[in-house]
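Below, each value reflects all heavy atoms present in this structure, side chains not excepted, and no hydrogens, waters or symmetry copies. For this chain, numbers begin at 1 and follow the sequence in order.
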Amino acid sequence: MRAVVQRVDGAGVVVAGETVGEIVGEGLCVLVGVTHEDTPEKAAQLARKLWSVRILEGEKSCSDIDAPLLVISQFTLYGDARKGRRPTWNAAAPGEVAEPLVDEVVAQLRALGARVETGRFGASMRVSLTNQGPFTVLIEV
C-alpha cells in the first residue's frame with residue numbers, strides 16, 4: 001500500500017456537488033493506493049503508521065492531539081509514466097480488491113480511536129485542502 005500524506009489545515013471532498021467528507025483544522029489528508037499484493041494486514045499496518053506518525057505541528061501525531069484524517073482512495077498512486085506519454089495502471093489493484101482494503105484502513109483507524117472522514121470510492125471527486133507547511137510525505141507498507 002502507498003499513501004501520500006499531507007499535513008493540512010482543513011480538507012474536503014465533493015462528489016456531484018455534495019460534500020461527502022470534510023475535516024476542519026489541523027489534520028491529515030491521506031491519498032491511499034492499493035496494489036495487487038496488498039492484504040488486510042498491510043492495511044492495519046498503514047493505519048497504525050498514519051495514526052502515530054509525528055508530522056503535525058510540534059512533531060505531534062494524530063493520536064497525540066486527536067487530529068482528524070481525511071482518507072481518499074487513489075489508484076493513480078500506482079501509475080507508471082516512465083515509458084511513452086500515457087501512464088499505465090497495471091500495478092494498481094482492481095476496484096474489487098482495492099475498495100475493501102481502503103475500507104480496512106479506515107476501519108482500523110477508527111478502531112484506534114481516530115476521527116476519519118472519507119471520499120467515495122470510484123467516484124469523480126473534487127478534493128480541496130490547505131497544505132500546512134507545505135508538508136507532504138510518502139508512506140509505503
Side-chain angles (χ1 to χ4, degrees), residues 1-83 85-141:
M1 297 190 99
R2 182 176 287 169
V4 173
V5 183
Q6 296 184 75
R7 181 174 70 191
V8 299
D9 184 19
V13 180
V14 173
V15 175
E18 173 194 357
T19 299
V20 297
E22 181 176 39
I23 61 173
V24 177
E26 186 176 26
L28 298 178
C29 182
V30 183
L31 306 176
V32 177
V34 178
T35 192
H36 303 280
E37 299 82 30
D38 288 332
T39 63
E41 292 76 24
K42 284 190 176 186
Q45 183 181 3
L46 178 60
R48 288 189 302 272
K49 179 64 118 178
L50 293 170
W51 186 232
S52 63
V53 67
R54 297 182 171 280
I55 60 174
L56 296 176
E57 195 70 36
E59 294 187 14
K60 302 285 186 191
S61 68
C62 287
S63 65
D64 291 333
I65 62 170
D66 194 30
L69 300 96
L70 176 61
V71 177
I72 303 162
S73 173
Q74 179 130 11
F75 79 92
T76 61
L77 294 182
Y78 279 100
D80 184 351
R82 290 177 290 183
K83 293 184 180 179
R85 297 181 307 171
R86 289 190 185 122
T88 64
W89 314 110
N90 297 336
E96 62 271 10
V97 173
E99 184 174 13
L101 290 173
V102 174
D103 290 346
E104 184 65 15
V105 171
V106 172
Q108 290 290 327
L109 279 165
R110 288 179 175 151
L112 291 167
R115 292 182 293 134
V116 184
E117 294 286 322
T118 65
R120 186 171 293 153
F121 191 91
S124 177
M125 297 178 270
R126 295 193 180 273
V127 179
S128 61
L129 58 94
T130 302
N131 189 314
Q132 184 186 6
F135 197 109
T136 303
V137 66
L138 177 65
I139 297 175
E140 293 191 78
V141 295

Item to complete: Determine the minimum heavy-atom distance between Pro68 and Val24, stating which atoms define it.
Response: CG-O, 4.3 Å
Worksheet item: Less than 4.5 Å apart, any side-chain heavy atom of Asp80 and any of Asn90?
Response: no
Discussion item. Taking the side chain as everything from C-beta on, heavy atoms only, tell me whether Ile23 gets closer than 4.5 Å to Leu28.
Written reply: no
Discussion item. Side chains of Lys42 and Leu46, heavy atoms from C-beta outward: is any pair under 4.5 Å?
Written reply: no
Response to the item:
On a heavy-atom basis, the closest approach of Gly21 and Glu117 is CA-OE1, 3.5 Å
Item to complete: Verify, without hydrogens or angle tests, whether Arg7 (side chain) and Ile55 (backbone) share a donor-acceptor contact under 3.5 angstrom.
Response: yes
Fill in: Rounded distance (nearest 0.5 Å) linking atom OG1 of Thr130 with atom CG of Asp9
6.0 Å
Discussion item. Whether the side chain of Glu26 engages the backbone of Glu57 through a donor-acceptor N/O pair (distance < 3.5 Å, no angle test) should be reported.
Written reply: yes
Worksheet entry | Expected output: side-chain Asp64 to main-chain Ser61 donor-acceptor under 3.5 Å | yes
Fill in: Working for side chain to side chain contact (heavy atoms under 4.5 Å, CB included), residues Thr76 and Trp89
CA-CA 7 Å; Thr76 61; Trp89 314 110; 3.8 Å; yes
Fill in: Worked check of side chain to side chain contact (heavy atoms under 4.5 Å, CB included) between Trp51 and Leu69
CA-CA 9 Å; Trp51 186 232; Leu69 300 96; 4.2 Å; yes
Worksheet item: Between the side chain of His36 and the main-chain N/O of Val97, is any donor-acceptor distance below 3.5 Å?
Response: no
Practice prompt. Say whether Gln45 and Glu41, considering side chains only, have a donor N or O and an acceptor N or O under 3.5 Å apart.
Written response: no
Practice prompt. Using modelled atom types only, decide if a donor and an acceptor are shared between the side chain of Arg2 and the backbone of Leu138 within a distance under 3.5 Å.
Written response: no
Worksheet item: Is there a donor-acceptor pair closer than 3.5 Å between any side-chain N or O of Asp38 and the backbone N or O of Met1?
Response: yes
Item to complete: Evaluate whether atom CZ of Arg126 has more than 12 neighbouring non-hydrogen atoms of other residues, nucleotides or ligands under 6.0 angstrom away.
Response: no
Item to complete: Please tell me if the side chains of Val15 and Ser124 come closer than 4.5 Å, counting only heavy atoms from C-beta onward.
Response: no
Item to complete: To the nearest 0.5 angstrom, please state how far the CZ atom of Arg120 sits from the CE atom of Met125.
Response: 9.5 Å
Discussion item. Minimum heavy-atom separation for Cys29 and Val127, please, with both atom names.
Written reply: SG-CG1, 4.5 Å
Worksheet, complete the sentence: Heavy-atom nearest pair, Val32 first then Leu77, reads C-CD1, 3.9 Å
Worksheet item: Can you check whether Ser52's main-chain N or O pairs, donor with acceptor, with Ser63's side chain at less than 3.5 Å?
Response: no
Worksheet item: In Å, rounded to the nearest 0.5 Å, how long is the span from CG of Leu129 to CD of Glu22?
Response: 12.0 Å
Discussion item. Looking at every heavy atom in both Gly95 and Pro100, which two are closest together, and how far apart are they?
Written reply: O-CD, 4.0 Å
Worksheet item: Between Val105 and Leu50, is a side chain to side chain contact (heavy atoms under 4.5 Å, CB included) present by the stated rule, with each step listed?
Response: CA-CA 9 Å; Val105 171; Leu50 293 170; 4.2 Å; yes
Worksheet item: Is the closest side-chain heavy-atom distance between Val14 and Thr19 below 4.5 Å?
Response: yes
Discussion item. Testing the basics here: between Tyr78 and Glu140, what is the closest heavy-atom pair and its distance to 0.1 Å?
Written reply: OH-OE1, 4.5 Å
